[in-house]
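A short write-up of the structure that comes next.
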Protein chains: 2
Amino acid sequence: MGGQRGVEPVNELAARTPLSEAQEDYLKQVLLLGSGGEGMGKLEDTLVVSTQDLADRMQVKPASVTGMLKKLSELGLVDYEAYRGVRLTVAGYKVALEVLRHHRLLEAYLHQALGYGWEEVHAEAEKLEHHISEAFEQRIAEWLGHPSHDPHGDTIPGANLELPQTTPNRRLAALKGGEYGMVARVATQDQDSLNLFAHLGLKPGAQIQLLEHVAEGSRVQVGRERYLLPLSLAQVLWIRPKGDCHVDHE
Amino acid sequence: MGGQRGVEPVNELAARTPLSEAQEDYLKQVLLLGSGGEGMGKLEDTLVVSTQDLADRMQVKPASVTGMLKKLSELGLVDYEAYRGVRLTVAGYKVALEVLRHHRLLEAYLHQALGYGWEEVHAEAEKLEHHISEAFEQRIAEWLGHPSHDPHGDTIPGANLELPQTTPNRRLAALKGGEYGMVARVATQDQDSLNLFAHLGLKPGAQIQLLEHVAEGSRVQVGRERYLLPLSLAQVLWIRPKGDCHVDHE
DNA sequence: TTATATTTTTAGGCTAGGCTAAACCATTTG
DNA sequence: CAAATGGTTTAGCCTAGCCTAAAAATATAA
């Protein structure tokens, strides 16, 4: 059997074997971590992901990650070299996008059709994403009118897995004092953070002004309330800058 | 540890440990098989179920069933004695009803909210029933107006797991020639049978007349069509008898 | 009531996906 | 450039659920 010359023979067939829930989750996290906070982009723009990071995200020991990466590598879903980290292959990227599409469509559906709060949808979608059929995906996508974003402001890959157009946003922590903007994305999966953001009215679409950065975090104005957000939170709030600074009030 | 006098000490606590999908499925099937075609009734009216029957239903070898029954027995969810078959305990019965409630609410929701055909809902509900939260259950129940029956005519246990009132129906195979009635329940999970019934318009609510029983099965009138249903199908079609025979036409 | 047939259980294996402890590599530090 | 440090992998174990083959119990027939 030696001698398959050529560049990328790999196990393309295996990509058709139905994957386990765990496998899908690993692929999804490789994509998310590799996209590093930014929206999530083309496969080429993706970074190499470390065993450790994956272990943290999956709530699992690094040794377990190694084991899984070997399997996924044999399936041709990731490029993995010991001690060097991991990246998705084209096949793995497709799977990850599909899972992410399920997840985000579910979030949108739970929010819009069943009245879940936007901060509540993540957990439920996380469980369901692996168990819905393509028919289900299609029907909720249709019901929703084929949305491009979920309730957190994350983009939803299209039915053919194309990525929606994204506008360039900046983290709240990167705004300059006085700048106005609209919350475009709340990029955390931590339930406590989500609850806090929801409580403060900091959801996608909300208009805000960054007052100033201080040692403890960022001071921000939302409606007529002013809050101090610790840096960790200011890092996950993505803002679409609006008009420039010092506008017509005060 | 000897000497817990009293009748039913058992492992009540374990019933609180979250069960695996497989465990839930076994419990559900013990209930369904123990209810033998009839609607599904009180725990007391339930029959003992054999290892073999369970194996057939679960698409699994009898040896595997034995293994699982031992575990469920230790958890206090079934009463199991080697070679004598199995029955649910009160705790197991509750779990089974809960799973069934999920299943049937999902079927109703998929049908009414997402436009699935009534014959298509079973498979999707089968996968999802183990993965929805109580919040999800509640929201779809509410959306549906707390229905008492699913699209196949099966009763849906209430939020407190009470059983809805059931009216006494008879199998099509048990009707007498000339009797009229309404399809009340299509009691099969076989996809081909479901498709056939759907194709013939034999869904819950349909008005029918039994013409006669012949060697090959039962001849039945639906609208202005007449069909011959093999006995196996006539056994799973439950009818609510309407007016008596020979009414005002022909 | 003994013999045969059927059902059920036991024994021993396998895979997936976790874990721990120990070995290994790479990178940083002295 | 050697040594210490910390992330990574290997080796070996464990549990859930399934399997097959063989043994045991029950049910049926003679």
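Residue numbers start from 1 in every chain, and the chains themselves are labelled A, B, ... in the order their sequence lines are given, proteins ahead of strands.
Rounded to whole Å, atom P of D:dT5 lies 19 Å from atom OH of A:Tyr83.
The closest donor-acceptor contact from the side chain of B:Tyr116 to the backbone of A:Phe136 lies under 3.5 Å. Side chain of B:Gln189 to backbone of B:Leu194: no donor-acceptor contact under 3.5 angstrom is found. A donor-acceptor pair under 3.5 Å links the side-chain atoms of B:Thr89 to the main chain of B:Gly76, judged by distance alone.
At most 12 non-hydrogen atoms from other residues, nucleotides or ligands lie less than 6.0 angstrom from NZ of A:Lys94.
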Exercise for the section: Could you check B:His152 against B:Val121 for side-chain contact (heavy atoms from CB on, under 4.5 Å), going step by step and ending with a plain yes or no? Expected result: CA-CA 9 Å; B:His152 301 99; B:Val121 296; 3.6 Å; yes
Handout entry: Steps toward side-chain contact (heavy atoms from CB on, under 4.5 Å) verdict (A:Leu106, A:Glu124)
Key = CA-CA 8 Å; A:Leu106 278 164; A:Glu124 188 91 43; over 6 Å; no
Handout entry: Stepwise side-chain contact (heavy atoms from CB on, under 4.5 Å) test for A:Leu237 and A:Leu229
Key = CA-CA 10 Å; A:Leu237 210 56; A:Leu229 291 181; 4.0 Å; yes
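DNA chain C lies under 4.0 Å from at least one heavy atom of each of the following residues of residues 61-70 of chain B: B:Pro62, B:Ala63, B:Thr66, B:Lys70. Using a 4.0 Å cut-off on heavy atoms, the residues of residues 51-60 of chain A that approach DNA chain C are A:Val60, listed by number.
Counting 5' to 3', DNA chain C first comes under 4.0 angstrom of a heavy atom of chain B and last does so at the ends given by C:dT8 to C:dT10.
Take B:Asp154 and apply the salt bridge (Lys or Arg N to Asp or Glu O under 4.0 Å) test, not counting sequence neighbours, and it matches B:Arg185. Residues passing the side-chain contact (heavy atoms from CB on, under 4.5 Å) test with A:Ala159, sequence neighbours excluded: A:Arg101. The side-chain contact (heavy atoms from CB on, under 4.5 Å) search around B:His103 returns B:Lys28, B:Glu107, B:His122, B:Ala125, B:Glu126, B:Glu129, not counting sequence neighbours.
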